[in-house]
Amino acid sequence: MSAGAAPVIRKDTPRPVDMARLFATMEEASGLFVGERYQQVIPLLEKILSEDPHNLDATLRLASAHSALGHENAAMRAFEKAKDIAPVSEDVKVYFALHLARGKTWEEAAPLLENILRQAPGRMPAVEALAQIRERQGRLQDAIALRKSLYALRSATPIERLKLGQMAMAVEDTPLAIESFEAARLAQGTVFKYDLELGVLYLASRRFEDARAALDRVPSNHPAAAMALFKRAQVSVLLKEPDQAARIEAARRRADATTRPLIERERLFKPNSGQ
C-alpha cells in the first residue's frame, strides 16, 4: 500500500498552527499504516478527520485500512468521501482499484488498473495488483510480464522469485524459471526447497552436471522423492555414470503411480539405448 496520497490544494485547509496538536497523532498514524497495523490506525485516522474532515490522505488511509480488514461498507463510505474531496485524484483511483482487487469483485479492478498503468506505468501497487489478477484469471504470460516489469522497479523477494519460477515452469519458459529459482536459492541458502524443480529444469536444458548437483540435494523424504530418483537416474545414464544401473533400480524400487509408467517407457533405461 502506498505511504500516502498526493496533497490536494483546498481553500478550507486548516492552518498548520491550528493542526499542531495533531502532529503527533498524524506521525503515529503514518507509522501504523505503513506497518500494516490497520486495526490500531483506524481510531487515529478518525480523530484526524474529526479535526480536518477533508484530509484526503487520512481519508484514503482510512478507506484502505477498512478494506484490508474486510470492512466493505466502511471502506466504501470512506472511498466515496475521498471521491468527493478529490474527484480527479489519481491516488483515489489507485486506492479504489486496489480495494476492488482485494475483494469478491476483483475482476472489476482489471480495467481500472489497466487505465491507471496506461497513464502511469510505474505505479508499483497497481502493477502488482494487476499481476495478481492476471494470475487468478489464468493469464500467466501476462502475469509474468507484469511481474518482470514490477521487479525492474523494485527488487523481488525470494518468495516472489519462487512464485515467478513456478509460473515460468507452467508456461515452459525454462530460462526464466532457472533464473528465478537460482536467484531464490542464492538468497535462501539451505532454506531453499525447490531443488527438484531446478534439477528438472537443468535436465531440460541439457545442463546435466547442474542437474546432478540439484537432484542430489533433494532429501530422501521429499514428497516427490520418486520423481527425484527417476530424474536422477536419467541424468546418471546421460552422464554415463558407473552406478547408473543401481540408480535405475532405485527409481524402480521407489516408483509411484506417476513415475512407474514413465520408467517403463524411458528409452534411456532400455539395454543398448545408445547413450
Side-chain angles (χ1 to χ4, degrees), residues 1-106 108-133 150 153-157 159-160:
M1 192 66 69
S2 174
V8 175
I9 305 301
R10 311 181 344 244
K11 293 181 180 180
D12 62 343
T13 300
R15 297 181 305 163
V17 66
D18 295 330
M19 298 298 292
R21 64 185 178 278
L22 284 177
F23 286 169
T25 302
M26 290 176 175
E27 184 174 353
E28 183 182 359
S30 180
L32 290 172
F33 184 83
V34 172
E36 300 183 358
R37 296 163 66 181
Y38 299 123
Q39 192 70 58
Q40 293 171 266
V41 79
I42 287 174
L44 300 183
L45 293 170
E46 290 175 338
K47 180 179 179 181
I48 294 167
L49 289 170
S50 69
E51 297 284 341
D52 183 11
H54 294 89
N55 186 311
L56 179 61
D57 184 69
T59 303
L60 280 178
R61 286 181 168 180
L62 180 62
S64 298
H66 280 303
S67 174
L69 294 170
H71 304 161
E72 177 67 20
N73 292 336
M76 289 302 298
R77 285 195 298 270
F79 278 119
E80 289 301 323
K81 181 179 177 182
K83 291 178 185 178
D84 289 340
I85 295 171
V88 298
S89 168
E90 291 301 315
D91 288 307
V92 174
K93 295 175 184 177
V94 171
Y95 276 69
F96 181 63
L98 296 179
H99 166 69
L100 290 179
R102 186 184 290 115
K104 295 179 180 178
T105 58
W106 53 271
E108 294 179 13
L112 301 180
L113 292 166
E114 290 168 358
N115 187 58
I116 289 165
L117 293 176
R118 276 193 291 269
Q119 304 299 319
R123 294 297 291 255
M124 289 191 289
V127 176
E128 185 168 11
L130 187 56
Q132 292 170 348
I133 287 173
L150 176 63
L153 297 169
R154 68 160 174 81
S155 297
T157 66
I159 298 300
E160 288 172 333

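All values below come from the heavy atoms of this structure, side chains included, with hydrogens, waters and symmetry mates left out. In what follows, residues are counted from 1 in the order of the sequence shown.
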Is it the case that more than 12 heavy atoms not belonging to Glu46 sit under 6.0 Å from its CD atom? yes
Drop me the distance from Glu27's CD to Leu32's CG, to the nearest 0.5 angstrom. 11.0 Å
Between Arg77 and His71, is any pair of side-chain heavy atoms under 4.5 Å apart? no
Flag side-chain contact, heavy atom, 4.5 Å: Asp52 against Leu22: no
Donor-acceptor pair, Lys81 side chain versus Pro53 backbone, under 3.5 Å? yes
Decide yes or no for Tyr95 and Ser67: does some side-chain heavy atom of the first lie under 4.5 Å from some side-chain heavy atom of the second? no
Taking the side chain as C-beta and beyond, is there a heavy-atom pair between Ile85 and Val92 under 4.5 Å? no
What one should report as the nearest heavy-atom pair of Leu98 and Ala129 is CD2-CB, 3.5 Å
Within the 4.5 Å heavy-atom criterion, are Phe96 and Met76 side-chain neighbours or not? yes
What heavy-atom pair brings Ala101 and Trp106 nearest, and what distance separates the two atoms? O-CB, 3.4 Å
Contact between Leu153 and Arg123 at the side-chain level, heavy atoms closer than 4.5 Å - yes or no? no
Rounded to the nearest 0.5 Å, what separation is found between the CG atom of Leu49 and the CG atom of Leu56? 10.0 Å
Between the side chains of Glu160 and Arg154, is the shortest nitrogen-to-carboxylate-oxygen separation below 4.0 Å, so that they form an ion pair? yes
Drop me the distance from Thr25's OG1 to Leu44's CG, to the nearest 0.5 angstrom. 6.5 Å
Consider side chain to side chain contact (heavy atoms under 4.5 Å, CB included). Of Ile48, Leu60, Leu62, Leu45, which one does Asn55 pass it with? Ile48
So, the side chain of Ser30 versus the backbone of Met26: is there a donor-acceptor pair under 3.5 Å, distance only? no
Closest heavy-atom pair and its distance - Ser64, Arg102: O-NH1, 4.4 Å
Classify the angle between the aromatic ring planes of Phe79 and His99 as parallel (below 30°), tilted (30 to 60°) or perpendicular (above 60°). tilted
Can you tell whether the side chains of Glu90 and Lys93 come within less than 4.0 Å, N to carboxylate O? yes
N/O donor to acceptor pairs below 3.5 angstrom from side-chain atoms of residues 108-117, sequence neighbours left out:
from: Glu114; atom 1: OE2; to: Arg134; atom 2: NH2; distance (Å): 2.2

